[in-house]
> 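Below: one structure in structure tokens.
The basis for the numbers below is simple: all heavy atoms, side chains too, and nothing from hydrogens, waters or symmetry mates. Just so it is clear, the model here is predicted, and its values are computed rather than measured.
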Amino acid sequence: MPTHSANAICTAVSAVLPQRTRELMRLSYVVHAAKQSAAPVVTVVGKYNHGKSSLLNALLGSDVFAVADRRETVQLQQHMHEGVAWLDAPGLDADVAAGDDALAEEAIWQYSDIRLLVHAAKEGELDHAERALLEQLYHDAQHSQRQTVLVLTQIDQIPDEAVAQRVMSALAAQLQTLDDNCPPPSPPWAWLGVSATRYQRGTQEGKQLLIEKSGIPSLQTALSQAKAAVAAARQHEWRTLFAALQTAAEHHTQQAQADWADVQQRQQQQRQAFEHDMAAVLRKVEHDLQPVLSSAGADRALEPDSFANMFKVTAGKQERARLQVAYSRACIDIDGVLIRHGVTSLPPAQRIEVESLNSVIVAVLGISVKFRDDLRALFSPAGQARLQREFGRYFSLCEEQTALQAQLAAREAALAQSQQAAAMLEQLRPPAVEQAAA
């Protein structure tokens, strides 16, 4: 199979598994990062004006990211420093159009190896949006092994130590609720209180105690431990994501196969039912016509009328009437089968202006007068075989069967698309899985 680009793989698989697009994009990124031994990506995420950019500047030791009291970060901003890619995301809930949230989501779920979830101490407990994000990160850490560090910023803005302790206790209680409600294993999370202002002041004034009290050194230690686990976490996430997506792709292909088989079976069953019913009615017609067709002697219906007997009852007229009644009954029986199976009007391409002639039975049997030899030939074994073929052709062209054929073609295309996506996904298979499968 030819090698496809990561974008082509993501496009193909997302088309059949749109609900797994985020996982697929992350898998593509992890594969690239693992193969290239890319620098760990640390993303700072949190609500608007909670001190994300200030925290990043403190960790980097320079004013790399813009800091302001207004909405400043409106796109993903990345800076390389000491072998780490630092990513500043727009604040959550800062943009009423939700564009900032979309960028923050992209940073959190697609690019990040380590997430710093930032919350300002002065805000107290986490709000609903922050709690929802914390829960998502919590569940993600359980299966992906990606690291999340919880950072309580701007602790210098709470001068009362008792108030600060109450805030920390409230946040710890929210975290404990996750531990109680989620299945194990629980990630070893705890809030780290920091002050970028204290750290900057301590650095500028050379006050080590102020630097220690800022909490930044403890955060740097936690980040160092998290960075050391990135390579192993990427390999684990590569295997986990691929296995989950492979299973989803297999299930999708199986369902597509079942959907295609279901439509094909319905088509075959309807065709068989039509063929059976048509053969049965043709045999019935042949049987019902026997008393008329088996009459001995010449076919009196062929005797022409004359001017002299125009208004008289003649043997020829009686015989023609008898043949016509028998033939009309045959047509009614055959038409009943056609109607029951939805074979009534001609295909649009064959229709003419005279609506009464736009019927399948007229198209096959014609409108000419039928005599005894005509009926014998029409319903003989060879004639029945021809009628079976002709009516069968119009059955295939009727609206219901045309729609069913279109549905079958769509199911077949969906199956092919699913199989192609599953095959392309194999190009993201991790080496460890290849060895296990060998």
> Does atom NE2 of His32 have more than 12 heavy-atom neighbours, drawn from other residues, nucleotides or ligands, at distances under 6.0 Å?
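No, not enclosed.
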> Quick one: does Thr253's side chain get under 4.5 Å of Leu415's, heavy atoms only?
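Yes, side chains in contact.
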> Taking the side chain from Ser37 and the backbone from Ala33, do they hold a donor-acceptor pair closer than 3.5 Å?
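No, because the side chain of Ser37 does not come within donor-acceptor range (under 3.5 Å) of the backbone of Ala33.
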> State, without any angle test, whether Asp88 and Ser53 hold a side-chain donor-acceptor pair at a distance under 3.5 Å.
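Judged by distance alone, the side chains do pair up.
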> Mind checking whether Lys227 and Val84 have side chains closer than 4.5 Å, heavy atoms only?
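SC-SC contact between Lys227 and Val84 confirmed.
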> Does the side chain of Thr177 pick up a donor-acceptor pair with the side chain of Arg131 at under 3.5 Å?
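Their side chains do not contain a donor-acceptor pair, so the 3.5 Å distance test is not met.
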> Testing the basics here: between Val194 and Gly215, what is the closest heavy-atom pair and its distance to 0.1 Å?
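Looks like CG1-O, 3.6 Å.
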> Hey, does Met278 have a side-chain heavy atom less than 4.5 Å from the side chain of Leu338?
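SC-SC contact between Leu338 and Met278 confirmed.
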> Charged N to carboxylate O under 4.0 angstrom, Lys47 versus Glu123?
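A salt bridge is absent here (no side-chain N lies under 4.0 Å from a carboxylate O).
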> Can you give me the closest heavy-atom contact between Ala89 and Lys52, atom names plus distance?
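Nearest heavy atoms, Ala89 then Lys52: O-CE, 3.4 Å.
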> So, for Ala120 and Thr153, which heavy atoms are closest and what is the spacing to 0.1 Å?
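Answer, listing the atom of Ala120 first, then Thr153: CA-OG1, 3.5 Å.
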> Is there a side-chain contact between Phe242 and Val31, using heavy atoms and a 4.5 Å cut-off?
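Side chain of Phe242 against side chain of Val31, heavy atoms only: no contact under 4.5 Å found.
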> Taking the basic N atoms (NZ, or NE/NH1/NH2) and the acidic carboxylate oxygens, is any pair closer than 4.0 Å for Arg329 and Asp288?
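A salt bridge is absent here (no side-chain N lies under 4.0 Å from a carboxylate O).
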> We want to know whether Glu237 and Tyr29 form a side-chain donor-acceptor pair, criterion being a heavy-atom distance below 3.5 angstrom.
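There is no such pair between these side chains.
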> Looking at Gly83 and Pro40, what are the two nearest heavy atoms and their distance?
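Shortest heavy-atom separation between Gly83 and Pro40 comes out as O-CD, 3.4 Å.
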> Is there a donor-acceptor pair closer than 3.5 Å between any side-chain N or O of His276 and the backbone N or O of Arg271?
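Side chain of His276 to backbone of Arg271: no pair is present.
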> With a 4.0 Å cut-off, would you call Asp140 and Arg146 a salt bridge?
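Arg146 and Asp140: salt-bridged.
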> Is Arg429 close enough and on-axis enough to Trp238, meaning under 6.0 Å and within 45°, for cation-pi?
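No; the conditions do not both hold, so Arg429 does not lie above the ring face of Trp238.
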> Taking side chain as C-beta onward, heavy atoms only, is Gln246 less than 4.5 Å from Glu426?
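Yes; the side chains approach each other to less than 4.5 Å.
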> Does the Asp113 side chain pair with the main chain of Val230, one donor and one acceptor, at a distance under 3.5 Å?
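No; judged by distance alone, with no hydrogens or angles, the pair does not exist.
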> Considering all heavy atoms of both residues, which atom of Gln154 and which atom of His50 are nearest to each other, and what is their separation?
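Closest pair (atom of Gln154, atom of His50, distance): NE2-C, 3.6 Å.
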> By the side chain to side chain donor-acceptor pair (under 3.5 Å) test, which pairs, at least two apart or in different chains, include something from residues 375-393?
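Every side chain to side chain donor-acceptor pair (under 3.5 Å) pair that includes a residue of residues 375-393, provided the two are not neighbours, is Glu275-Gln388, Glu286-Gln384, Asp373-Arg376.
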> Any sub-3.5 Å donor-acceptor pair from Ser14's side-chain atoms to Cys10's backbone N or O?
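At least one qualifying donor-acceptor pair exists.
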> Distance alone, cut at 3.5 Å: any donor-acceptor contact between the side chains of Gln267 and Gln401?
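Their side chains do not contain a donor-acceptor pair, so the 3.5 Å distance test is not met.
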> Strictly by modelled atom types, are His252 and Ser418 linked by a side-chain donor-acceptor pair under 3.5 Å?
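Their side chains do contain a donor-acceptor pair, which is all the 3.5 Å distance test asks for.
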> Do Gln270 and His341 have side-chain N/O donor and acceptor atoms under 3.5 Å apart?
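His341 and Gln270 do not have a side-chain donor-acceptor pair below 3.5 Å.
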> With side chains defined as the heavy atoms from C-beta onward, is the minimum distance between Val263 and Leu404 less than 4.5 Å?
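Val263 vs Leu404: side chains touch.
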